[in-house]
Number of protein chains: 2
Amino acid sequence: MPDQNSGRRAELLDLAAELFAEHGYRSTTVRDIADAAGILSGSLYHHFDSKESMADEILRGFLDSLFGRYAEIVELGLGPRKTLEAIVTASFEAIDSQQAAVAIYQNEAKHLTKLERFAYIETRNTEFHRLWTDLLTEGIADGAFRPDLDVEVVFRFIRDTVWFAVHWYNPKGSLPVEEIAQQYLTIVLDGIATRRRPAKRRTDG
Amino acid sequence: MPDQNSGRRAELLDLAAELFAEHGYRSTTVRDIADAAGILSGSLYHHFDSKESMADEILRGFLDSLFGRYAEIVELGLGPRKTLEAIVTASFEAIDSQQAAVAIYQNEAKHLTKLERFAYIETRNTEFHRLWTDLLTEGIADGAFRPDLDVEVVFRFIRDTVWFAVHWYNPKGSLPVEEIAQQYLTIVLDGIATRRRPAKRRTDG
DNA sequence: GTCTATAAAGTGATAGAC
DNA sequence: GTCTATCACTTTATAGAC
């Protein structure tokens, strides 16, 4: 295995990530990746052990950086509502800056976790579940969120909507990522129906 | 091609749908399908032209029934809010009764549309987009929905959350599909944040 | 309606030359 | 770091017997 920090290596990994994201892990052949890089398929094995190793490296890097960011946010102790807003915003920023990795995580995680080497995905999913249900439970307890909601349903609802945006978000589109995050937060927090008092309200700090 | 209504044919199609949904279209081999049916792979070709034909038949059947149901709802002329509720509920019912087909639609449509024979998926997507944006625009115009929302963002938000439920919905779970649909509607319409007037409100008919 | 047998193409990966 | 050459295996699909 050559230098882990080689520029060429990172280049190839980026190409692989884009192809995995666009066509799916399974449908992308090592020949496709090599073609995109302008080399032959055999040459890829100078940089990586296997196709699986490439996906592994892409997902590991993405999840480490994402959960590092989440940990930073939680440590700020902003209270349930502001923490929720920050976590959602951070997730949209990840979609913006690491779109391919997010798409792979979305599309392939379920199947890859079956393989031992990808067991850390399950660990991260559990961590994510814990983060959200704690946050929602705390928010319900202190009056920030409605008490009549099923925490599990809300968790999945938020998780799904946030990550699914990766499928249509266009980094070059007219809507900047901050604005989309804001729109999502508005819907999740306040709903789409009209209300008698449209003013912003704040129950927590 | 044998009788289109043969019981065996439908049986094989159901098996294929479950495997495509569970492991992905690409990862499911014709051998897998034949194994599940207790026959050899070659025998499948007595019933179907190709693996692609199987996916085609599954998706066509699903989309036809779903859009038939949508058309029925729209024709009732219930007004924006009640129509939205009915469409969301109908979609959850589809997840309940045709889980495999919905999962295939979710996971594979993007790639399959590239093939000419699956062009009708794009047509349906356009139809779906039209249905929702009309509904939301109408609802904003008559005061049922908030005027400060981007119709496109809300459309994608609802579409994604509703269909994504197929990934975790368990037909044998404790929450009946009607209740999940209701929870989703509550979140989408009213948000998860507390409000000063928690009472139900109705702006349209 | 299923099986036997097999073709034809694609796929992940390796060994060694340059 | 890339290429040449190639292996071992998988996959879709076909032809004809039973």
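Everything numeric in this text was worked out from a predicted model, so none of it was measured. Below, chain A is the first sequence line, B the second, and so on; all start at residue 1.
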Please tabulate, for side-chain N and O atoms in residues 169-185 of chain A, each donor-acceptor pair with protein atoms closer than 3.5 Å (sequence neighbours left out).
from: A:Tyr169; atom 1: OH; to: A:Asp96; atom 2: OD1; distance (Å): 2.6
from: A:Asn170; atom 1: OD1; to: A:Lys172; atom 2: N; distance (Å): 2.9
from: A:Gln183; atom 1: OE1; to: B:Asp150; atom 2: N; distance (Å): 3.2

Across all chains, not counting sequence neighbours, the side-chain contact (heavy atoms from CB on, under 4.5 Å) partners of A:His129 are A:Thr133, A:Glu152, A:Phe155
List in chain and number order the residues that pass salt bridge (Lys or Arg N to Asp or Glu O under 4.0 Å) with B:Glu72, two or more places apart in sequence or in another chain; answer none if no residue qualifies. B:Arg69
Mind calculating the distance between CG (B:Leu12) and P (C:dG1) to the nearest angstrom? 10 Å
Starting at CG of A:Asp49 and ending at P of C:dG12, how long is that distance when rounded to a whole Å? 15 Å
Using a heavy-atom cut-off of 4.0 Å across all strands, would you classify A:Ile39 as base, sugar-phosphate, or nothing? sugar-phosphate
Residues 26-42 of chain B side chain polar contacts: donor-acceptor under 3.5 Å, at least two apart:
from: B:Thr28; atom 1: OG1; to: B:Leu19; atom 2: O; distance (Å): 3.1
from: B:Thr28; atom 1: OG1; to: B:Gly24; atom 2: O; distance (Å): 2.7
from: B:Thr29; atom 1: OG1; to: B:Arg31; atom 2: N; distance (Å): 3.3
from: B:Thr29; atom 1: OG1; to: B:Asp32; atom 2: N; distance (Å): 3.0
from: B:Thr29; atom 1: OG1; to: B:Asp32; atom 2: OD1; distance (Å): 3.4
from: B:Thr29; atom 1: OG1; to: B:Asp32; atom 2: OD2; distance (Å): 3.3
from: B:Asp32; atom 1: OD2; to: B:Thr29; atom 2: N; distance (Å): 3.0

Among all residues two or more places apart in sequence or in another chain, which pass the ring pair (Phe, Tyr, Trp, His ring centres under 6.0 Å) test with B:His167? B:Phe164
Does B:Phe20 reach the side chain of B:Glu108, with side-chain heavy atoms less than 4.5 Å apart? no
For DNA chain C, which residues of residues 21-37 of chain B approach it to below 4.0 angstrom with any heavy atom? B:Arg26
Measure the distance from CG on B:Leu40 to P on D:dC18 and round it to the nearest whole Å. 17 Å
Whole-Å distance separating the OH atom of A:Tyr45 from the C1' atom of D:dC7: 13 Å
Taking all atoms of both residues into account, what is the closest heavy-atom pair of A:Leu12 and A:His47, and its distance? CD1-CD2, 3.4 Å
Which residues share a side-chain contact (heavy atoms from CB on, under 4.5 Å) with A:Ala109, sequence neighbours left out: A:Tyr105, A:Ile121
How many Å lie between NE2 on B:His46 and C1' on C:dG1, as a whole number? 5 Å
Take the C1' atoms of the five end pairs on each side of the helix from C:dG1-D:dC18 to C:dC18-D:dG1, derive the two axes, and give their angle rounded to 10 degrees. 10°
For B:Arg8 and C:dG1, what is the distance between atoms CZ and C1' respectively, to the nearest whole Å? 8 Å
Does C:dG1 have OP1 or OP2 under 4.0 Å away from a side-chain N or O of B:Ser43? no
Taking only residues two or more places apart in sequence or in another chain, which ones pass side-chain contact (heavy atoms from CB on, under 4.5 Å) with A:Ala119? none
Once you round it to whole Å, what is the distance between C1' of D:dT10 and NZ of B:Lys51? 12 Å
How many whole angstroms separate atom CE of A:Met54 from atom C1' of C:dT11? 13 Å
